[in-house]
Amino acid sequence: MNGKKYKLYPLKLNHLFTRAYRKGKSYGSSTMVLYVLSGRDRDRTLLGITVSKKRGKAVVRNRVKRHLREAYRYYLPNLKNGKLIVIVAKQPAVDADFTVIRDELGYLLGKATLLEDSK
RNA sequence: CCACCACUCCAGACAGUCGCGCGGAUGCGGGCAACCGCAAAAGUGAGGAAAGUCCGGGCUCCGCAGAGCAGGAUAACAGAUAACGUCUGCCGAAGGUGACUUCAGGGCCAGUGCAACAGAGAGAUACCGCCGCGUUUUUCGCGGUAAGGGUGGAAAGGCGAGGUAAGAGCUCACCGGCGUGCAGGAGACUGCACGGCCAUGUAAACCCUAUCCGGAGCAACACCCACCGAAGCGUUUUAAGCUUGCUCGGCAGCUUCACGGGUGGCAAAGAGGCGUGCGGCGACGUACGUCCAAGAUAGAUGACUGUCCAAUACAGAACCCGGCUUACAGAAGUGAUGGGCAA
RNA sequence: GCGGGUGUAGUUCAAUGGUAGAAUUCCAGCCUUCCAAGCUGGCCGUGCGGGUCCGAUUCCCGUCACCCGCU
């Protein structure tokens, strides 16, 4: 961590979500789908998380969102800047263990070449 | 000890590292302005159901809710409450050996409707049968009858006696229902006496009776900065629009399309919790003392490690309260009931 | 968050409180050299749990699922 703070910037605007779905490259695994697009801001990478109401009730959706956010935070120090990332949770993510979600997210981020020199 | 009943309470704890929302001492920067951005110390951060949105309020606006009709809700009685469809007590009914539990529990003796099929007949009857008379070999015809058979969820109030050709509330006793009177009770109701009458079921069928209800909802609404668009109707009687579904009455604006941002509302404090005293069978009221810090706006609680533990179920605040209903792993406690054993 | 609506056969729809029906699908048979079409027959049920009623798709309560409108 070497003392430096890495802040998580949320992606909130609807049109950015729509653009990520339409124009972004997608990478899938069993628990989630990753949409990646180059953003306008060079210094920040924005993260949006989507958990559909079909996945469960409020408690379930919140838990999935927290797991995804925490997993994202785990890779944050090695992440490239200037991207838009949208993570869509799939049904198996509801019952998945956190370590599984973390490993799959790492696999997808590597596949999308978003990680700088992996330590 | 076993079984069962009622009620109360908890909803994993502690430590460490990283992370999130609110908060902003303080510092830096931006904007014409409202204000915004960045860093950040202290402090602080979901529930008993936060849920379903089924009721009742607060609050806000429309508006002046003014009249009538329609419509909706509730339903023994008395109380509690801001209010309620909630709660308490009590009456009645049903269940349980019992502690106790459950009940949409007003009115078909106001009126109307419906009761399929079966059955002779569903508030109106005679199929079989019984009895009498005529005929007479049986049979058949006429009359009487509702005790018996059969059908049905329900069949002329039930049962016994008298009575009769056979029978029948035809008469009588008891019971049930209704009415009147008297007594008790705050009342529902209970008890007793007398009396006409027998009156099927269904009001979660229409309906009647009593009581209550203006409409919309924080995406309400107010303010600030920017923008000040288009079309249609109306301001003239009508028509159209809004006001409640309709009529009268009222309003001067209304409808459709297009369309930025921020602040307040909104959060530490109220019909608040706990304790004690007093009043009340109780719901609850009252006096005193004491306690209280979520406030997001794509929406904050997670990850890892260790210890303890019987174990973590149902589940995430979105203007705020009082209830109801539904979901739920378990843990703890209090009181009562029935049975067994021992003293 | 608020307001409103709908659940009937695999599908699209009916049904005054009185045996849940039609079309289509599917299956079997007939017809045909075979297939299609046609003809005949059959299978398939009221979202779920209670209540009222003699009897509930229908009436009442609860619950679940789905859909629509309002930023």
Side-chain angles (χ1 to χ4, degrees):
Chain A
M1 294 297 161
N2 59 34
K4 189 181 175 185
K5 291 281 185 180
Y6 296 94
K7 191 166 173 63
L8 195 156
Y9 296 96
L11 170 58
K12 297 183 177 181
L13 297 173
N14 188 35
H15 71 269
L16 291 179
F17 272 89
T18 312
R19 201 162 65 179
Y21 293 142
R22 289 243 297 270
K23 301 193 173 179
K25 290 189 174 181
S26 63
Y27 305 90
S29 76
S30 63
T31 55
M32 69 190 87
V33 181
L34 201 67
Y35 291 91
V36 181
L37 192 66
S38 294
R40 205 169 280 173
D41 194 334
R42 293 274 177 194
D43 302 324
R44 297 175 182 176
T45 289
L46 304 181
L47 174 69
I49 297 175
T50 298
V51 183
S52 164
K53 210 167 185 177
K54 289 178 182 172
R55 299 289 167 265
K57 297 190 174 187
V59 172
V60 174
R61 296 200 304 273
N62 278 341
R63 191 175 59 231
V64 172
K65 272 190 279 187
R66 284 169 193 146
H67 280 161
L68 288 174
R69 202 154 34 219
E70 181 64 25
Y72 177 81
R73 202 175 63 79
Y74 180 82
Y75 297 104
L76 199 54
N78 299 323
L79 213 58
K80 290 181 181 175
N81 279 332
K83 300 287 183 185
L84 297 178
I85 300 176
V86 173
I87 302 176
V88 177
K90 293 166 73 175
Q91 189 63 43
V94 170
D95 301 314
D97 203 60
F98 170 72
T99 53
V100 174
I101 291 178
R102 192 184 61 194
D103 293 346
E104 291 209 358
L105 181 64
Y107 166 74
L108 291 178
L109 288 174
K111 205 172 167 185
T113 64
L114 287 172
L115 295 176
E116 290 169 350
D117 46 5
S118 53
K119 53 181 176 180

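The sequence lines fix the lettering, A, B, ..., with proteins before strands; numbering per chain opens at 1.
- Residues L109(A) and N78(A) fail the side-chain proximity criterion, which asks for heavy atoms closer than 4.5 Å.
- Here the separation of A56(C) from G5(C), taken at their C1' atoms, is 23 Å to the nearest Å.
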- Give the C-alpha distance, both sets of side-chain angles, the deciding distance and a yes or no for side chain to side chain contact (heavy atoms under 4.5 Å, CB included) between I101(A) and E104(A). CA-CA 5 Å; I101(A) 291 178; E104(A) 291 209 358; 5.9 Å; no
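- Atom NZ of K57(A) is separated from atom CG of N62(A) by 14.0 Å, given to the nearest 0.5 angstrom.
- Taking the P atoms as reference points, A93(B) lies 33 Å from U63(C), given to the whole Å.
- The side chain of R73(A) approaches G19(B) more closely than any other nucleotide in the set G19(B), U301(B), C304(B).
- Figure legend. A118(B) is base-paired to no nucleotide; pairs are counted as Watson-Crick or G-U wobble with both atom distances under 3.5 Å.
- Comparing the same atom, C1', in A122(B) and in A116(B) gives a spacing of 12 Å after rounding to whole Å.
- Base pairing of A183(B) is made with U190(B), judged by Watson-Crick or G-U wobble geometry with both donor-acceptor distances under 3.5 Å.
- Glycosidic conformation at A46(B) (O4'-C1'-N9-C4 for purines, O4'-C1'-N1-C2 for pyrimidines): syn, within 90° of 0.
- In this structure, U297(B) shows a glycosidic angle more than 90 degrees from zero, which is the anti conformation.
- G48(B) adopts a syn glycosidic conformation, its chi angle falling within 90° of 0.
- Taking atom CG of residue D103(A) and atom P of nucleotide A303(B), one finds them 15 Å apart after rounding to whole Å.
- Remark: P of A296(B) and NZ of K65(A) are 17 Å apart, rounded to the nearest angstrom.
- Taking each heavy atom of S30(A) and P92(A) in turn, the nearest pair found is O-CG, 3.3 Å.
- Across every strand in view, G43(B) sits in a pair with C22(B) that passes the Watson-Crick or G-U test at under 3.5 angstrom.
- In this structure G169(B) sits in the syn conformation; its chi angle is within 90° of 0.
- Between the C1' atoms of A329(B) and A310(B), the separation comes to 11 Å (whole Å).
- Y107(A) places none of its side-chain heavy atoms less than 4.5 Å from the side chain of D103(A).
- For the P atoms, the distance from A110(B) to G62(C) is 33 Å, rounded to whole Å.
- No side-chain heavy atom of K65(A) sits less than 4.5 Å from a side-chain heavy atom of L68(A).
- Two residues are said to be in side-chain contact when any heavy atoms from C-beta on lie closer than 4.5 Å; L105(A) and T31(A) fail this criterion.
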- Task: In sequence, state the C-alpha distance, the side-chain angles, and the governing distance for V36(A) and L84(A), and then conclude on side chain to side chain contact (heavy atoms under 4.5 Å, CB included).
- Result: CA-CA 6 Å; V36(A) 181; L84(A) 297 178; over 6 Å; no
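- V33(A) approaches S26(A) most closely through the heavy-atom pair CG1-CB, 4.4 Å.
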Taking N or O atoms only and anything under 3.5 Å, show me the protein contacts with nucleotides 316-319 of chain B, one pair per line.
{"unit_1": "G316(B)", "atom_1": "OP2", "unit_2": "V59(A)", "atom_2": "N", "d": "3.3"}
{"unit_1": "G316(B)", "atom_1": "N7", "unit_2": "N62(A)", "atom_2": "ND2", "d": "3.4"}
{"unit_1": "G316(B)", "atom_1": "N7", "unit_2": "R66(A)", "atom_2": "NH2", "d": "3.4"}
{"unit_1": "G316(B)", "atom_1": "O6", "unit_2": "R66(A)", "atom_2": "NH1", "d": "2.9"}

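- Taking atom CZ on F98(A) and atom P on U301(B), their separation rounds to 13 Å, with Å as the unit.
- In this structure, CZ of R61(A) is placed 13 Å from C1' of A51(B), rounded to the nearest angstrom.
- Both M32(A) and L115(A) are assigned to one and the same hydrophobic cluster, defined by single-linkage of ILVMFWY side chains at heavy-atom distances under 4.5 Å.
- The two atoms that bring Y75(A) and R102(A) nearest to each other are OH-O, 2.6 Å, heavy atoms only.
- Rounded to whole Å, the separation between the C1' atoms of G299(B) and G43(B) comes to 23 Å.
- Across all strands shown, G71(B) pairs with C213(B); the Watson-Crick or G-U wobble distances both stay below 3.5 Å.
- Between the P atoms of U101(B) and G18(C), the separation comes to 41 Å (whole Å).
- Stem analysis of RNA chain C (at least three stacked-register Watson-Crick or G-U pairs, each with both distances under 3.5 Å) gives C:1-7 with C:64-70, C:10-13 with C:21-24, C:26-30 with C:38-42, C:47-51 with C:59-63.
- With both pairing distances under 3.5 Å, C170(B) is matched to G162(B) as a Watson-Crick or G-U wobble pair.
- In this entry the distance linking CD1 of I101(A) with C1' of C304(B) reads 16 Å, nearest Å.
- Taking atom CG on L68(A) and atom C1' on C20(B), their separation rounds to 15 Å, with Å as the unit.
- Of all nucleotides present, only G16(B) satisfies the Watson-Crick or G-U wobble test against C304(B), with each distance under 3.5 Å.
- Positionally, the nearest nucleotide of RNA chain B for I49(A) lies more toward the 5' end than for the other of I49(A) and T99(A).
- With both pairing distances under 3.5 Å, U202(B) is matched to G113(B) as a Watson-Crick or G-U wobble pair.
- The distance from atom NE2 of H67(A) to atom P of U301(B) is 11 Å, rounded to the nearest whole Å.
- Searching all strands for a Watson-Crick or G-U wobble partner of C133(B) with both distances below 3.5 Å returns G141(B).
- In textbook terms, a nucleotide whose glycosidic angle is within 90° of 0 is syn, and G123(B) is one such case.
- Around atom NZ of K80(A), more than 12 heavy atoms belonging to other residues, nucleotides or ligands sit under 6.0 Å away.
- Taking atom C1' in both G66(B) and C266(B), the straight-line distance is 38 Å, to the nearest Å.
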